[in-house]
Amino acid sequence: LNSLGVLHISFSKFDEALAYINKSLEIREKINDRFGLSQSYTNLAIIYTNQKKYKEALDCFEKNLPLVEEMNEKQMIAVNLDGMGHLYTLTGDYQKAEASLLKALALAKEIGFKRTIEVAYSKLAFLEETRGRYKEALAYSNSAYQYLDSAYSEESAAQIAEAETRYETEKKNQIIQVLERDKKIQ
């Protein structure tokens, strides 16, 4: 059900997504699926953010944070704090926004989660731009760009390595097939 909700999110069908994810949340609460609950709360926060229902989105993140902290899922904690920070910016609570985003950034750096580092820097840039602090916004934007470039470079290198491995494997399989055919002919 949660996956169906995510699918509807990707097509911006938020009301349908909400129905599926709320049903998923209900089931996950009954069976005490902590990880699943966390996924559902995150997805609800995404829906509410897209619907500009920031208070509801923030409520979901606030329910989710203790879950991910209890599971010690540092990556999920960082993503959750990042989402909260962005919502605090959108609602004008700049002090809480800054605190959440800086915590998310520190945690993402601690675990080497480059995508969240880049996103946190981008959201800090947005926060500072919203505050009218353009010098700080530019500095955060530059940092975001550096991590974006680094993350995509690593991702590209991994994709190239995977393609090379597939190519070499396929080439070896073809050689084996040729040798087996030759053996049968003899």
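Shown here are the side chain to side chain donor-acceptor pair (under 3.5 Å) partners of Ser122, two or more places apart in sequence or in another chain: Glu118. In this view, Thr116 satisfies the side chain to side chain donor-acceptor pair (under 3.5 Å) rule with no residue, not counting sequence neighbours. Partners of Asp59 by side chain to side chain donor-acceptor pair (under 3.5 Å), not counting sequence neighbours, listed by chain and number: Lys55. Considering only residues two or more places apart in sequence or on other chains, Asn142 meets the side-chain contact (heavy atoms from CB on, under 4.5 Å) condition with Leu138. The side chain to side chain donor-acceptor pair (under 3.5 Å) search around Lys63 returns none, not counting sequence neighbours.
Side-chain contacts under 4.5 Å among hydrophobic residues (ILVMFWY), followed directly or transitively, place Ile9 together with Phe14, Leu18, Ile21, Leu25, Leu37, Tyr41, Leu44, Ile46, Ile47, Tyr48, Leu67. Connectivity analysis of hydrophobic side chains (ILVMFWY, heavy atoms under 4.5 Å, direct or indirect) links Ile31 to nothing; its cluster partners are none. Think of Ile27 as one node in a network of Ile, Leu, Val, Met, Phe, Trp and Tyr side chains linked at under 4.5 Å; its network also takes in Leu1, Leu4, Tyr20.
Listed by first then second residue, pairs satisfying salt bridge (charged side-chain N to carboxylate O under 4.0 Å, His left out) with a partner in residues 65-74 read Arg34-Glu70, Lys74-Glu110, not counting sequence neighbours. Listed by first and then second residue, the salt bridge (charged side-chain N to carboxylate O under 4.0 Å, His left out) pairs involving residues 22-32 are Lys23-Glu26, Arg28-Asp33 (not counting sequence neighbours).
Between Phe35 and Met76 the shortest side-chain heavy-atom distance falls below 4.5 Å.
To the nearest 0.5 Å, atom OH of residue Tyr147 and atom NZ of residue Lys114 are 7.0 Å apart. Atom OG of Ser12 sits about 10.5 Å away from atom CD of Gln51, to the nearest 0.5 Å.
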Donor-acceptor contacts under 3.5 Å from residues 77-91 side chains, at least two apart:
unit_1	atom_1	unit_2	atom_2	d
Asn80	OD1	Asn64	ND2	2.8
Asn80	ND2	Phe61	O	3.1
Asp82	OD2	Lys123	NZ	2.6
Tyr88	OH	Glu62	OE2	3.2
Thr89	OG1	Gly85	O	3.1
Thr91	OG1	Leu87	O	3.0
Thr91	OG1	Tyr88	O	3.2

Show me the side-chain donor-acceptor pairs of residues 124-135 shorter than 3.5 Å, one per line, residues at least two apart or across chains.
unit_1	atom_1	unit_2	atom_2	d
Glu128	OE2	Arg131	NH1	3.2
Thr130	OG1	Phe126	O	2.7
Arg131	NH2	Tyr94	O	3.3
Arg131	NH2	Glu98	OE1	3.4

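Following chains of ILVMFWY side-chain contacts shorter than 4.5 Å, one cannot reach Leu105 starting from Val119, and the two form parts of different hydrophobic clusters. Hydrophobic clustering (ILVMFWY, side-chain heavy atoms < 4.5 Å, transitive): Ile117 and Ile111 are in distinct clusters.
At distances below 3.5 Å, at least one donor-acceptor pair connects side-chain atoms of Ser10 with backbone N or O atoms of Leu7.
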